[in-house]
Amino acid sequence: MKPAPFAFLRPAALEEALAALAREPGAKVLAGGQSLVPLLSMRLAAPSMLVDINALPDLGHVSVDAAGVRIGALARHAHVLASAEAAEVQPLLAMALSHVAHPTIRNRGTTVGSLVHADAAAEMPMVLRLLEGSVDVASVRGRRTVPAAELFAGPLESTLAHDEIAVEAFFPALPAGAGVAFAEIARRHGDYALVGVAAMVETEGGEVVRARLGYVSVSDVPVVVDVTDALDDPAGKALADLEPAEDIHATAAYRAHLVKVLTPRVLADAIHHARQKTAQRKKS
Amino acid sequence: MTTKLFGTKVPRVEDQRFLRGQGRYVDDLLTDDPRLLHAAVLRSPHAHARITDIDVADVLDVEGVLAVWTYDDLVDAMAEPLPLLIPHPTLTHGRTQYALAKDEVNYVGEAIAFVVAVDRYVAEDAVARIRVSYDYLQPVVGIAAARAADRLVHDDVPGNVGARMEQENGDARAAIADAPHTLTLELDVERSACTPMEGRGTVARWDPDTSRLTVWSSTQTSTGVRGCVAAKLGLDLAKVDVITPDVGGGFGVKINHPWPEELLVPLAAMTLGRPVKFTEDRREHFISSAHERAQVHHVEVGFDDDGRVLGLNVEFWHDHGAYTPYGLIVPIITSTQLLGPYKPLNYRVVFESLYTNTVIVTPYRGAGRPQGCFVMERTMDAISAYLGKDRTEVRSTNFIQPDEFPYEHGLVFQDGRPLTYDSGDYPASLAKLKALVGWDEFEDFRAEMAEQGRRVGIGLACYVEGTGVGPYEGAHVHIETSGKVKVATGLTTQGQGHQTAFAQIVADTLGVRFEDVEITTGDTRKMPYAVGTFASRAAVMSGSAIHLASLRAREKALRIAAEALEASEDDLEIADGVVTVRGTDASIDLGTVAVLSNPLRYAFDEASKAATQFSVGDPGKPPVAEDDEPGLEGKDFYSPERSTFANGMHAVIVETDPDTAEITILKYAVVHDCGHLINPMIVEGQIHGGVAQGVGGALYERMAYDESGQLLNASFMDFLMPYVTEVPKTIDIDHLETPSPLNPLGIKGAGEAGVIPSAAVFAAAIEDAEGFPITAMPISPSELFALRLEHADVPAEAIAEETR
Ligand SMILES: Cc1cc2nc3c(=O)[nH]c(=O)nc-3n(C[C@H](O)[C@H](O)[C@H](O)COP(=O)(O)OP(=O)(O)OC[C@H]3O[C@@H](n4cnc5c(N)ncnc54)[C@H](O)[C@@H]3O)c2cc1C
């Protein structure tokens with residue numbers, strides 16, 4: 001359980017990091033290392049070089065404004081989770097992050113790293129998809145913004161080019177009249193979910209005008225399902241788009257069952273949340 | 001007056017060190033030595049294959065690699081199979097592996113080549129460059145495949161059967177045939193493993209100047225390792241020292257020896273003339289140490305209207321993996337200990353121990369008892385359900401009664417001695433358990449919860465555990481001239497708190513201060529005669545030996561002190577390290593007595609000066625009398641005629657989520673009887689740890705092998721050892737103390753107790769909550785969900801719909 005040999009670079013400037021990635025086709029970015037280092041140790045990945053971005057300046061931010069929350073590439077899960085402003089503007093962030101791993105891992109692991117790692121069992125990629133956020137990426141060729149809908153290519157595969165660094169993620173604010181909710185079932189506290197569900201509903205005059213659900217661990221990529229037209233059987237609609245699979249922890253049937261159990265609960269919670277928020281807004 | 005420490009909650013002295021990160025484990029050793037080399041092992045990626053070629057040509061090119069061994073490089077005893085440690089007449093087809101595979105591999109993880117390099121990184125790089133050619137063979141995975149025997153693990157073992165053993169007391173089959181009621185049950189337990197936080201590890205240093213080998217190993221038996229290393233490497237025993245430093249958990253897996261690496265590391269150190277270290281990593285621990293628990297049982301039971309068991313006939317199949325280095329200990333324990341606190345009128349048990357192409361099986365905390373307890377307790381519950389009787393009532397009907405001890409079962413136990421229980425009071429224990437868990441009030445609670453839409457269940461399970469098996473353990477007690485007491489016992493310590501518990505015994509027996517006692521364990525230089533730490537035996541065996549050795553030292557101290565103080569021994573007492581003539585001021589420190597015990601020519605310290613005021617010895621006789629020795633020491637061995645039998649009863653209340661099938665523990669209660677308690681806090685700690693491990697075994701952990709013999713969950717990511725969040729926050733414990741008549745302290749073992757009834761007690765509670773039988777453990781929410789569908793009163797199409 002020791003990594004194969006690799007070169008190690010810890011640049012102090014983004015340009016330097018991007019140049020190294022462009023130069024070295026076998027290089028990989030190292031952020032919090034909570035996913036990458038185990039892969040290296042088990043020799044499931046053997047990059048020729050690690051470009052450690054932890055010394056890059058100005059990437060540790062969690063900045064919040066009316067539009068939403070901007071999370072720098074070096075902001076740790078714990079930092080994002082601790083931000084009361086972020087939780088205020090987009091409550092789903094904290095709801096989901098409290099299910100990401102354990103405190104020690106959240107102290108190192110980065111939220112942006114989790115997005116790029118593109119694990120369909122991870123909470124934050126799905127949250128980004130559901131909220132229709134985006135990721136800003138940089139390379140020697142310049143910068144671009146990748147919408148969440150275009151970020152996830154396949155299991156553990158993002159659409160980033162090998163020489164691109166994700167510098168910031170953007171999670172839009174909760175619109176007026178909207179509500180969110182999250183629930184997951186995991187075998188142990190802090191484990192990847194067997195099934196996780198998030199909901200975002202938008203209401204007008206107390207009526208649901210848009211309802212969308214995001215799912216964790218029941219497909220190869222984070223899946224979002226619009227159930228606005230299927231409020232009486234949202235799980236049925238969702239299951240048509242999901243591919244619950246069997247693994248050593250759960251059968252496909254059990255996962256499908258959990259989708260059926262969690263979906264109406266989460267949807268109801270989100271509707272409740274939307275009404276609560278609306279009531280609060282009216283008061284203030 | 002020294003207060004009595006035996007029986008009190010003395011805080012563990014070792015915790016300071018452990019909690020401050022000052023423990024020293026094998027991997028911490030020799031880290032400053034620039035000459036230290038590191039080993040890595042090439043392990044079979046296939047469950048069953050013939051090796052046609054091993055090409056190591058590319059390895060020696062790797063910079064930093066010093067040597068590589070394959071089977072062809074081994075000579076003499078090292079080229080022989082590893083020892084079969086515990087042979088048994090019924091183990092007619094015992095097989096053990098070679099230190100490095102010869103011609104064939106029989107499980108994923110079997111050692112094939114051993115590389116030594118300047119660090120572990122380079123060693124692993126080199127391992128990746130070894131090219132092995134295989135002819136693949138079909139693997140045998142799981143008990144069903146082993147029994148079917150369509151393919152064989154070892155060509156020369158027909159039917160994959162390593163052993164078949166049968167014991168019978170009475171005529172069980174006839175009794176069942178004649179019984180008013182009969183039931184049959186099929187009961188399964190899956191594979192799991194000890195998974196200590198520290199894996200295996202060995203360091204060896206060869207000193208060419210003195211021709212001595214020092215081996216440090218993370219083992220449960222340093223004397224065992226020493227014997228193996230000397231025999232396999234052709235060294236005189238006197239040239240080999242084996243030391244066990246701090247050990248980060250064993251739970252059974254480290255009693256097996258020698259592991260291939262325990263021999264290859266010393267071999268490499270001698271060959272290369274440099275110290276060598278092997279530290280097993282987590283994946284290696286999963287695929288190349290040992291597992292346990294997998295058994296399939298078929299039970300037939302005949303009983304009367306009261307639930308009294310008239311005949312019990314149990315057949316079971318034990319999966320022992322690819323080889324049998326540890327013999328039949330696990331299935332023999334199941335076959336004898338499944339009886340628990342009960343006395344079926346007739347009992348027959350037959351087992352077959354089967355080969356599979358999976359990791360070897362050696363005892364894991366509980367060692368076959370969890371399976372036995374599962375079988376017996378599921379049977380008791382089935383009888384209760386059948387008769388519509390309270391589960392505690394049927395158990396009571398079958399209990400051995402307090403006036404029936406010693407109770408002979410008419411069977412032979414794992415130590416080859418008659419299965420005879422020494423003491424216990426099962427009705428009293430059950431009464432305590434019912435009170436502790438609220439057995440009689442449970443139906444009210446169930447109704448209250450049902451009103452809230454919540455589903456709960458209660459279960460209980462009883463066990464008896466043979467502890468403190470022989471043959472012997474010894475101790476050496478030395479009182480230094482400073483008055484400090486140095487004690488050595490040969491068995492090893494894996495975190496049990498021996499420093500504390502043993503020091504309590506010494507302090508009481510000798511009359512010295514607890515702080516003045518230092519205990520050394522697992523160091524063959526200090527105590528070369530010892531067996532090891534397993535089978536809940538350390539307190540009984542070494543505790544008793546330490547008590548006896550302390551008595552000898554005390555005897556000698558009193559003899560010398562009586563002479564020095566010119567008093568009768570009968571008038572002396574020892575407290576806080578001072579011998580006093582009762583009712584007077586006349587006294588002498590034990591340190592001074594130690595000076596007097598050793599008629600040296602030279603005086604170098606205050607203690608010697610203090611001693612000059614006393615005179616002992618007859619000037620007309622030699623300074624050391626004919627039947628005496630210099631020094632204030634005591635040495636003794638404890639060797640009991642048979643095991644002592646501890647017992648306990650657990651109860652659990654669980655909640656099962658009607659929607660998600662998740663299982664939550666609401667209350668866990670334990671009544672425990674291990675005779676006299678040396679340190680109740682340590683015993684409770686053992687129970688807490690055992691229950692936690694049992695929760696893992698019942699609800700989370702399993703070895704997920706696929707049909708090709710690959711272990712799919714060889715990491716803590718997928719092998720679900722419970723976190724602290726998964727085990728009950730509180731465990732209610734009550735003790736009963738029925739002392740053992742077999743040892744001077746009246747103690748019984750406590751190390752494995754917490755884990756034994758877990759599978760049984762959780763199955764019972766889940767069954768009680770759900771209303772259908774639970775016959776296989778462990779159980780996950782996904783499996784509980786599947787069982788609900790199976791037992792639901794719904795048409796098949798609906799199930800097909802649900803499982804689609
Ligand atoms: C025991 C354990 C439990 C866990 N449980 C969960 C869980 O329940 N839910 C969950 O979501 N996660 C879980 N994780 C993963 C954790 O959240 C990781 O921290 C996260 O997925 C990756 O973040 P990181 O900063 O550690 O990335 P790293 O491990 O450093 O990198 C991961 C991958 O992303 C790439 N990468 C990282 N940052 C960038 C960037 N800025 N630009 C381009 N590429 C980049 C790396 O090259 C690498 O391929 C768990 C981890 C552990 C060890």
Side-chain angles (χ1 to χ4, degrees), chain A residues 1-6 34-35 37-44 46 99 101-105 119 121 183-197 217 235-236 239-240 242-266, chain B residues 38 40 62-64 117 119-125 127-128 199 279-285 657-662 696 699-706 711-727 780-786 788-789 799-804:
Chain A
M1 280 220 188
K2 302 287 183 212
F6 55 81
Q34 298 303 297
S35 297
V37 171
L39 292 174
L40 297 179
S41 293
M42 290 186 275
R43 297 195 178 214
L44 295 171
H99 291 274
H102 314 273
T104 42
I105 289 157
D119 191 336
E184 74 172 42
I185 306 276
R187 286 294 275 120
R188 299 172 298 186
H189 287 74
D191 279 354
Y192 283 104
L194 295 178
V195 170
V197 185
S217 294
L239 277 170
L242 298 172
E243 289 168 346
E246 169 152 357
D247 63 15
I248 58 173
H249 304 302
T251 60
Y254 180 59
R255 283 202 162 85
H257 174 75
L258 291 181
V259 167
K260 290 182 202 167
V261 171
L262 294 183
T263 297
R265 285 189 196 169
V266 172
Chain B
H38 296 263
V62 179
E63 199 185 318
D119 63 39
R120 172 80 183 209
Y121 294 81
V122 174
E124 287 192 21
D125 295 345
V127 161
T279 303
E280 183 183 58
D281 67 33
R282 186 50 59 186
R283 181 171 158 76
E284 287 183 293
H285 188 76
D657 188 305
D659 296 325
T660 64
E662 288 172 292
L699 303 179
Y700 294 96
E701 302 168 351
R702 71 183 66 209
M703 291 294 166
Y705 274 105
D706 69 10
L711 185 59
L712 301 178
N713 59 344
S715 81
F716 279 149
M717 190 93 168
D718 284 318
F719 178 88
L720 306 179
M721 180 189 277
Y723 303 125
V724 71
T725 39
E726 277 60 52
V727 300
S780 67
S782 182
E783 286 158 325
L784 180 57
F785 168 72
R788 281 181 181 173
L789 290 185
I799 294 182
E801 171 69 15
E802 186 74 12
T803 50
R804 184 176 50 93

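The structure displayed is predicted, hence computed values, not measured ones. By convention in this document, chain letters (A, B, ...) are assigned in the order of the sequence lines, proteins followed by strands, and residues within each chain are numbered from 1.
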With a 4.5 angstrom heavy-atom cut-off, which part of B:R702 approaches chain A: side chain, backbone, both or neither?
neither
Nearest 0.5 angstrom please: A:S41 OG to B:R283 CZ, how far?
13.5 Å
Measure distances from A:P244 to the heavy atoms of chain B and classify the residue's part below 4.5 Å as side chain, backbone, both or neither.
neither
Can you check whether A:H189's main-chain N or O pairs, donor with acceptor, with B:E726's side chain at less than 3.5 Å?
yes
Output the option from A:I185, A:V195, A:L194 having the highest count of non-hydrogen pairs under 4.5 Å with chain B.
A:I185
Between A:H102 and B:Y723, how do the two ring planes meet: parallel, tilted or perpendicular, split at 30° and 60°?
perpendicular
N-O pairing of A:K2 and B:D119 below 4.0 Å
no
Largest heavy-atom contact set with chain A, pairs under 4.5 Å, which of B:P781, B:A786, B:A704, B:S780:
B:P781
Heavy-atom distances under 4.5 Å only: say whether B:F719 touches chain A with side chain, backbone, both or neither.
backbone
When rounded to the nearest 0.5 Å, the distance separating CG of A:L262 from CG of B:D659 is 9.0 Å
Examine distances only and state if a side-chain atom of B:D281 and a backbone atom of A:M1 form a donor-acceptor pair shorter than 3.5 Å.
yes
Hey, what do you get for CD1 (A:I248) to CG (B:L720), rounding to the nearest 0.5 Å?
7.0 Å
For the CZ atom of B:F785 and the NE2 atom of A:H257, what is their distance to the nearest 0.5 Å?
4.5 Å
Report which part of A:R255 has an atom under 4.5 Å of a heavy atom belonging to chain B: side chain, backbone, both, or neither.
neither
About how many Å separate CG of B:L784 and OH of A:Y254, when rounded to the nearest 0.5 Å?
8.0 Å
Heavy atoms only: give me the nearest B:S782-A:A250 pair and the separation to one decimal.
OG-CA, 3.4 Å
I'd like to know if B:D718 pairs up with A:R187 as an ion pair, taking the criterion as any Lys NZ or Arg NE/NH1/NH2 lying under 4.0 Å from an Asp or Glu carboxylate oxygen.
no
What's the spacing between B:E783 CD and A:T251 OG1 if we round to 0.5 Å?
9.0 Å
Shortest non-hydrogen contact from A:R43 to B:A128?
NH1-CB, 4.5 Å
Nearest heavy-atom neighbours spanning A:P3 and B:D125
O-OD1, 4.4 Å
